[in-house]
Amino acid sequence: MLGCAGSYPAPDAAASSYLVQADDEDGRTWSVLLDLGNGALSPLQRFGDPTALDAIALSHLHSDHVADLVVLNVLRRYRPDGPLPPVDVWGPVGTAERLAQMAGKDPATDLDGQFRFRTWDPAAPVVVGPLTLTPVPVEHPVPAFGVRVTGPSDELPARTVSLGYTGDTDECAGLDELAASDLLLCEAGFRDVLDDELRGIHLTGARAGAAAGRAGSGRLVLTHLTAWEDPAEVVSCAARAYAGPIDLATPGATFVL
């Protein structure tokens, strides 16, 4: 968990970003970054290696999920030993244009050479070493995808395990597809009761728990909480609909499957 704050960085947490890693049969560790929101490049340097990413998967193009890609480009490009080879960046249509717009006209933030931009196709899962990334369309005001990641278990390498990352979404068929995973990393950016009538943007704790309960998620990890939410209340609302284990995402936390 690199960043888990909702909509903007919190005093103690960057915006959305998650590092997924798995070893192949030869012992090589493969690293996939799910989103890189405001401030998340800092914990990526503490808990991972920005120079050793095998792919970057973007759920959607709001700045709290992609903003630090602009400065990741600088870190990777201006090195004493020369720029790094480009890394694949998977995202919605318009990803390259959106990031170029955020970078502006500063030559130091020219994205050419560091990123190979690829467009998600729900019918075409992406294979990255031992990991398979399947984009799943979800409900948000802009084109958005959750990502279902499957790969070998760290505990039992012969077993295939799954992570469902919702990105930002409200209830939809895609959410239920993502929730059918060993671990559901699920946003809960809206407040129960107060925001119940606001639809098509974010989930509440209760709606996140209901999705996990319907799909039989193995574990529910709640993320993207904003500063005005009471974390204990979010968990309590989720637990009314989901009887399995529930965790709150915290910076630096690691989940092993």
Original post:
For the residue pair L156 and S153, what are the closest heavy atoms and their distance?
Top reply: N-OG, 3.0 Å
**OP:** Work out which heavy atom in S162 is nearest to a heavy atom in T150; give both atom names and the distance.
**Re:** CB-CG2, 3.9 Å
**OP:** Would you please say whether a donor-acceptor pair under 3.5 Å links the side chains of R148 and S181?
**Re:** yes
Original post:
Would you call D26-R28 a salt bridge at under 4.0 Å N-O?
Top reply: no
Original post:
Of all heavy-atom pairs between D68 and A40, which one has the smallest distance, and what is that distance?
Top reply: OD2-N, 3.0 Å
Original post:
Any sub-3.5 Å donor-acceptor pair from D195's side-chain atoms to L198's backbone N or O?
Top reply: no
Subject >> L203 with I246, same ILVMFWY side-chain cluster at under 4.5 Å >> reply: no
**OP:** For D35 and S17, test the side chains for any donor-to-acceptor distance below 3.5 angstrom and give the result as yes or no.
**Re:** no
**OP:** May I ask you to test the D247-L220 pair for a side-chain heavy-atom distance under 4.5 Å?
**Re:** no
Subject >> Gap between atom OG1 of T169 and atom CG of L178 - 0.5 Å precision >> reply: 8.0 Å
**OP:** Mind running side chain to side chain contact (heavy atoms under 4.5 Å, CB included) on T204 and D196 for me, showing each step along the way?
**Re:** CA-CA 8 Å; T204 63; D196 282 351; 4.1 Å; yes
Original post:
Picking from H140, H224, H202, what satisfies side chain to side chain donor-acceptor pair (under 3.5 Å) with E187?
Top reply: H202
Original post:
Is a side-chain donor-acceptor pair under 3.5 Å present for Q114 with R77?
Top reply: no
**OP:** Please check if L19 and V89 belong to a single hydrophobic cluster, counting links between Ile, Leu, Val, Met, Phe, Trp and Tyr side chain heavy atoms closer than 4.5 Å.
**Re:** yes
**OP:** Would you give the length of the straight line joining atom CD1 of I56 to atom CG of L69, rounded to the nearest 0.5 angstrom?
**Re:** 5.0 Å
Subject >> Inter-residue atom distance C237.SG - E229.CD, 0.5 Å rounding >> reply: 10.0 Å
Subject >> Residue pair V128 / V32, side-chain heavy-atom distance below 4.5 Å >> reply: yes
**OP:** Report yes if some heavy atom in the side chain of Y165 is under 4.5 Å from a heavy atom in the side chain of L184; otherwise report no.
**Re:** no
Original post:
Do V235 and F190 belong to the same hydrophobic cluster, where Ile, Leu, Val, Met, Phe, Trp and Tyr are linked whenever their side-chain heavy atoms lie under 4.5 Å apart, directly or via other members?
Top reply: no
Original post:
How about S31 and D54: does a side-chain donor come under 3.5 Å of a side-chain acceptor?
Top reply: no
**OP:** Please report the closest heavy-atom contact between P50 and L72, naming both atoms and the distance.
**Re:** CB-CD1, 3.8 Å
**OP:** Please determine if R214 and E171 form a salt bridge, counting it only when a charged side-chain N lies under 4.0 Å from a carboxylate O.
**Re:** yes
**OP:** Quick one: pull up CE in M1 and OG1 in T223 and give me the separation to the nearest 0.5 Å.
**Re:** 6.5 Å
Original post:
Taking all atoms of both residues into account, what is the closest heavy-atom pair of Y18 and C4, and its distance?
Top reply: OH-CA, 3.9 Å
Subject >> Gap separating the CG atom of L163 from the CZ atom of R219, nearest 0.5 angstrom >> reply: 13.0 Å
Subject >> Path from V20 to L44 over hydrophobic side-chain contacts below 4.5 Å >> reply: no
**OP:** Run the numbers on T51 and R76 for side-chain hydrogen bond (donor to acceptor under 3.5 Å, both in side chains), then give the verdict.
**Re:** CA-CA 6 Å; T51 71; R76 293 174 57 90; over 6 Å; no
Subject >> Heavy-atom closest contact (G200 atom, E139 atom, distance) >> reply: CA-CG, 3.8 Å
**OP:** Using a 4.5 Å cut-off on heavy atoms from C-beta on, say whether the side chain of I201 contacts that of D168.
**Re:** no
Original post:
Would you call R159-D182 a salt bridge at under 4.0 Å N-O?
Top reply: yes
**OP:** Determine whether the side chains of D23 and W30 contain a donor N or O and an acceptor N or O closer than 3.5 Å.
**Re:** no
Original post:
Looking at side-chain heavy atoms only, is the closest gap between L33 and L2 below 4.5 Å?
Top reply: yes
Original post:
Do D64 and S16 meet the criterion of a side-chain donor-acceptor pair at a distance under 3.5 Å?
Top reply: no
**OP:** Please answer whether the main-chain N or O of G39 pairs with a side-chain N or O of S42 as donor and acceptor at a distance below 3.5 Å.
**Re:** no
Original post:
Are a donor atom and an acceptor atom from the side chains of N38 and H65 found within less than 3.5 Å of each other?
Top reply: no
Original post:
Is there a path of hydrophobic side-chain contacts, each under 4.5 Å between heavy atoms of I, L, V, M, F, W or Y residues, that connects V66 with V71?
Top reply: yes
Original post:
In terms of ring plane angle, is the pair F145 and W120 parallel, tilted or perpendicular, where the classes change at 30° and 60°?
Top reply: tilted
Original post:
Are T132 and V149 close enough that some pair of their side-chain heavy atoms sits under 4.5 Å apart?
Top reply: no
Subject >> From L84 atom CG to N73 atom CG, the distance as rounded to the nearest 0.5 Å >> reply: 10.5 Å
Subject >> Intermediate values then yes/no, side chain to side chain contact (heavy atoms under 4.5 Å, CB included), L183 and V221 >> reply: CA-CA 7 Å; L183 188 151; V221 180; 4.0 Å; yes
**OP:** Determine, stepwise, if the pair W90 / T95 fulfils side chain to side chain contact (heavy atoms under 4.5 Å, CB included).
**Re:** CA-CA 8 Å; W90 293 88; T95 295; over 6 Å; no
Original post:
Under a 4.5 Å cut-off applied to non-hydrogen side-chain atoms, are L225 and P231 in contact?
Top reply: yes
Original post:
Are L75 and L41 side-chain neighbours, meaning at least one heavy-atom pair lies under 4.5 Å?
Top reply: yes
